[in-house]
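A short write-up of the structure that comes next.
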Amino acid sequence: MSSPSTPHSAEGPRAARGRPPRLDQGRTARAALDLLDEAGLDALTMRRLADAVGVQAGALYRHFATKQDLLTVMAERMLEGCSAPPPEGDWSERLTVLAHRMRTALLAHRDGARVYAGTHSTGANTLGFAETLVGVLREAGFRDEDAARAVLAVVNFTVGHTLEEQAALQPGDSAAAAGPAEAGPADPDRLRRAVAAQDFPHLTAALPVLTSTDFAAHFAFGLNLLVQGLRATERNGPAGAAEARP
């Protein structure tokens with residue numbers, strides 16, 4: 001959401017019989033998301049996608065100069081429906097709805113947060129979602145610069161949290177191949193054993209939460225911290241913020 005990186009538009013289908021169909025961006029994005037859900041981001045290759053849509057691998061590069069361009073289109077598609085105005089209410093409630101909506105959209109696809117991270121789509125879904133977020137805060141009286149930075153904080157927190165959530169709940173192939181006796185690095189028992197083997201009393205007290213897989217509760221807590229920080233900014237207002245500056 002910071003700088004443009006919009007891939008080339010795809011063309012419509014060919015009418016000539018016997019020739020492979022021209023790439024349709026929507027169809028290609030759907031096929032890429034299907035492959036993502038099936039095998040994960042690491043297994044999503046341009047050659048595998050080309051096979052799925054029935055074209056030569058080189059044809060993809062005429063419309064997606066790099067794999068990052070493809071990921072940008074996929075990220076844009078994942079946010080479909082997220083920009084709808086949230087229900088009426090306090091700005092904090094509306095902001096919370098939008099953040100949860102984004103998390104749900106990323107969780108809907110395997111490695112969804114990994115796909116989204118680092119993309120800067122200028123498509124209607126991404127810009128529409130950002131417009132709605134900024135609008136909630138500006139309409140609540142936040143200064144333009146505070147609203148913009150708040151949106152970056154909320155989006156970055158949501159993406160980062162979901163990255164960790166999906167990494168913990170969807171271990172890599174190496175962890176899966178190791179079997180239950182040798183779980184992946186996010187396995188809570190590994191942390192329990194490591195803490196128990198050494199003198200970490202504070203970590204021991206916090207272990208029930210640190211090893212919990214209730215990621216919805218973790219997300220809600222972190223998001224509430226952001227909202228409370230924004231409330232402090234709201235209370236200070238333009239005058240208070242200006243006085244706080246050196």
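Here, residue 1 is the first one in the sequence, and each next residue gets the next number.
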So that I can tick it off, tell me whether [Y] and [X] are bridged by a salt bridge, with the cut-off set at under 4.0 angstrom between side-chain N and carboxylate O.
| X | Y | result |
| --- | --- | --- |
| Arg48 | Glu38 | yes |
| Arg192 | Asp189 | yes |
| Asp146 | Arg143 | yes |

Do [X] and [Y] make a side-chain contact, defined as non-hydrogen atoms from C-beta onward lying under 4.5 Å apart?
| X | Y | result |
| --- | --- | --- |
| Arg114 | Leu163 | yes |
| Thr158 | Leu223 | no |
| His109 | Gln166 | no |
| Leu60 | Leu70 | no |
| Phe142 | Val134 | no |
| Phe157 | Arg103 | no |

Measure across [X] and [Y] and return the closest heavy-atom pair with its distance rounded to 0.1 Å.
| X | Y | value |
| --- | --- | --- |
| Thr132 | Ser83 | OG1-O, 2.8 Å |
| Asp37 | Ala108 | OD1-O, 4.3 Å |
| Ala113 | Val159 | CB-O, 3.9 Å |
| Thr211 | Leu207 | OG1-O, 2.6 Å |
| Val73 | Ala29 | CG1-CB, 3.8 Å |
| Met78 | Gly112 | CE-O, 3.4 Å |

Counting only heavy atoms not in Arg30 (residues, nucleotides, ligands), do more than 12 fall under 6.0 Å from its CZ? yes
Heavy-atom count check: over 12 atoms from other residues, nucleotides or ligands less than 6.0 Å from Arg149 CZ? no
Would a line drawn from the ring center of His218 to the ring center of Phe215 be shorter than 6.0 Å? yes
Tell me if a side-chain donor or acceptor on [X] pairs with a main-chain N or O of [Y] at a distance below 3.5 Å.
| X | Y | result |
| --- | --- | --- |
| Asp214 | Ala217 | yes |
| Asn156 | Leu152 | yes |
| Gln25 | His63 | no |
| Asp111 | Leu41 | yes |
| Arg101 | Cys82 | yes |
| Glu93 | Pro87 | no |
| Thr126 | Ser121 | no |

Tell me whether [Y] is reachable from [X] by hopping between hydrophobic residues (I, L, V, M, F, W, Y) whose side-chain heavy atoms are closer than 4.5 Å.
| X | Y | result |
| --- | --- | --- |
| Val53 | Leu35 | yes |
| Val136 | Leu226 | yes |
| Leu191 | Phe200 | yes |
| Leu71 | Leu107 | no |
| Leu98 | Leu127 | no |

For the residue pair Ser92 and Asp90, confirm or rule out a side-chain donor-acceptor distance under 3.5 Å. yes
Starting from the C-alpha separation in whole Å, work towards a yes-or-no answer on side chain to side chain contact (heavy atoms under 4.5 Å, CB included) for Tyr61 and Thr66. CA-CA 7 Å; Tyr61 289 103; Thr66 66; over 6 Å; no
Determine the interplanar angle of the His100 and Phe219 rings, folded into 0 to 90°, and report it as parallel if under 30°, tilted if 30 to 60°, perpendicular if over 60°.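 Correct class here is perpendicular.
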Check against salt bridge (Lys or Arg N to Asp or Glu O under 4.0 Å), Asp34 and Arg110: CA-CA 9 Å; Asp34 287 344; Arg110 180 174 176 178; over 6 Å; no
Can you tell me how far CD of Glu164 sits from CG of Leu169, rounded to the nearest 0.5 angstrom? 11.0 Å
For the atom pair OG1 (Thr28) and CE (Met74), what is the distance rounded to the nearest 0.5 Å?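 Rounded to the nearest 0.5 Å, the OG1-CE separation comes out at 11.0 Å.
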Who pairs with Asn125 by side-chain contact (heavy atoms from CB on, under 4.5 Å), at least two apart in sequence or on another chain? Glu76, Leu79, Glu80
